[in-house]
Colleague: 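Okay, here's the structure, questions in a sec.
These numbers were taken from a predicted model, which means no experiment stands behind them.
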Amino acid sequence: MTVIEVHNLHKRYGEHVAVDDVSFTVERGEIFGIVGPNGAGKTTTVECVEGLRRPDGGTVNVLGMDPRTDGAKLRRRVGVQLQESHLPDRLKVAEVLDLYSSFYPRPADWRRLLDEWGLAAKRDTAFGKLSGGQKQRLFIALALIGDPEVVVLDELTTGLDPQARRDTWELVERIGERGVTVVLVTHFMEEAERLCDRLMVVDRGRVAAIDTPAGLIAGTLPEQRIRFRPSSPVAESLLAELPGVASVTVHGPRVEVAGTGDLLHVVTSVLARHQIIAADLRIEQGTLDDAFVALTGRRTT
Ligand code: ATP
């Protein structure tokens, strides 16, 4: 079931076109990532989905509602973690969660969120005394407090240390497993690859590609290289004529096969048929980072 449908979205700030004809759909229970260089229009796009910005053109439908006209109803069913948020410094963590839960008709149990997001020991700490990472986790807990069907996380792990980032990924996976639809704006390719079912790459306000992380890599950088040491000599011609193989190079005892498609399967199958064992087998393929650079000509950060 489609939960978010965006068609031909346009948004300008004065003369500057921030979002230029963006279309995508998100299915229920998906973790959908939006990646792109700084200023690509990611935040503007999700703000239009959240109903926080009015598009200049195109249509947005979230859970069957138009954020322009059904904003109040929508906000009860969509949780949002903004890229930048602030709270009064003196409010304590438990007070913030208790206050926010009072805004929703059927809030999640905030004490459970406190435990889940590793904030139980900080429940009586004032917001102003939390570390950057703790503030970030509090804002994610606040995005989940209304027990939303859709949650939008903008720069989820920016400012977190590597361990906190990994812990956060596990929690986001758990959100996804509960059937909640997640839209994740991120700069981190590792995060996108680990968490997202599908990714939209945006560049200069336009969609450069939408696919699974593996599909993006295969579509942009199709060539793979397989290196191995055969247990007995293998005729180059045997490998060269296989489907998808572009080149075969023999360096002493090592063989390198380059090509596209289901290369690993075709190479290992033919070796098995000839009772040859491939020792020290290595596969080299482009990374999501490489695919991103190939699509946009830029790195994310
Ligand atoms: P980042 O990764 O840096 O957060 P982004 O992809 O989320 O970037 P947006 O924040 O959507 O990009 O911004 C897209 C473009 O619109 C940028 O050039 C930005 O300077 C501009 N922009 C964003 N908000 C405003 C605003 N309120 N007024 C004017 N221009 C804006």
Colleague: Has Arg254 got its NZ or CZ under 6.0 Å from the middle of the six-membered ring of Phe228, at an angle within 45 degrees of the ring axis?
Modeller: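 No, a cation-pi geometry is absent between Arg254 and Phe228.
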Colleague: Just wondering, more than 12 heavy atoms not from His265 lying within 6.0 Å of its NE2?
Modeller: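 Count not over threshold, so no.
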Colleague: With sequence neighbours left out, write down each residue that passes ring pair (Phe, Tyr, Trp, His ring centres under 6.0 Å) with Phe103, or none if nothing qualifies.
Modeller: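 If we apply the ring pair (Phe, Tyr, Trp, His ring centres under 6.0 Å) test to Phe103, skipping adjacent residues, the hits are Tyr100.
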Colleague: Could you verify whether a donor N or O on one side chain and an acceptor N or O on the other, from Glu191 and Thr186, lie under 3.5 Å apart?
Modeller: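 Yes, Thr186 and Glu191 have a side-chain donor paired with an acceptor closer than 3.5 Å.
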Colleague: Between Val207 and Phe24, does a side chain to side chain contact (heavy atoms under 4.5 Å, CB included) hold up when you go through it step by step?
Modeller: CA-CA 9 Å; Val207 178; Phe24 62 97; 5.8 Å; no
Colleague: Any side-chain heavy atom of Ile217 within less than 4.5 Å of one from Leu288?
Modeller: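 Yes, close enough: below the 4.5 Å cut-off.
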Colleague: Does the side chain of Arg75 pick up a donor-acceptor pair with the side chain of Tyr104 at under 3.5 Å?
Modeller: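 Distance-only check fails for Arg75 and Tyr104.
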Colleague: Pairing donors with acceptors under 3.5 angstrom, does anything connect the side chains of His7 and Asn61?
Modeller: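 No - no donor-acceptor pair under 3.5 Å links their side chains.
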Colleague: Kindly check if the number of other-residue, nucleotide or ligand heavy atoms within 6.0 Å of CZ (Arg194) is above 12?
Modeller: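 Yes - once you tally the heavy atoms of other residues, nucleotides and ligands closer than 6.0 Å, there are more than 12.
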Colleague: Out of Val267, Val234, Val255, which one pairs with Val248 under the side-chain contact (heavy atoms from CB on, under 4.5 Å) rule?
Modeller: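 In the set Val267, Val234, Val255, the residue that makes a side-chain contact (heavy atoms from CB on, under 4.5 Å) with Val248 is Val255.
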Colleague: Classify the ring geometry of Phe139 against Phe127: parallel below 30°, tilted from 30° to 60°, perpendicular beyond 60°.
Modeller: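 Perpendicular, since the angle between the ring planes exceeds 60°.
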Colleague: From the options Arg178, Arg111, Arg137, select the one residue that forms a salt bridge (Lys or Arg N to Asp or Glu O under 4.0 Å) with Glu116.
Modeller: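 Result for salt bridge (Lys or Arg N to Asp or Glu O under 4.0 Å) with Glu116: Arg178.
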Colleague: Going by atom types alone, do Thr181 and Glu30 pair a side-chain donor with an acceptor below 3.5 Å?
Modeller: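 Checked: Thr181/Glu30 side chains show no N/O donor-acceptor pair below 3.5 Å.
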Colleague: Are more than 12 heavy atoms from other residues, nucleotides or ligands located less than 6.0 Å from atom CD1 of Ile277?
Modeller: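 No, because the 6.0 Å sphere around CD1 of Ile277 holds 12 heavy atoms or fewer from other groups.
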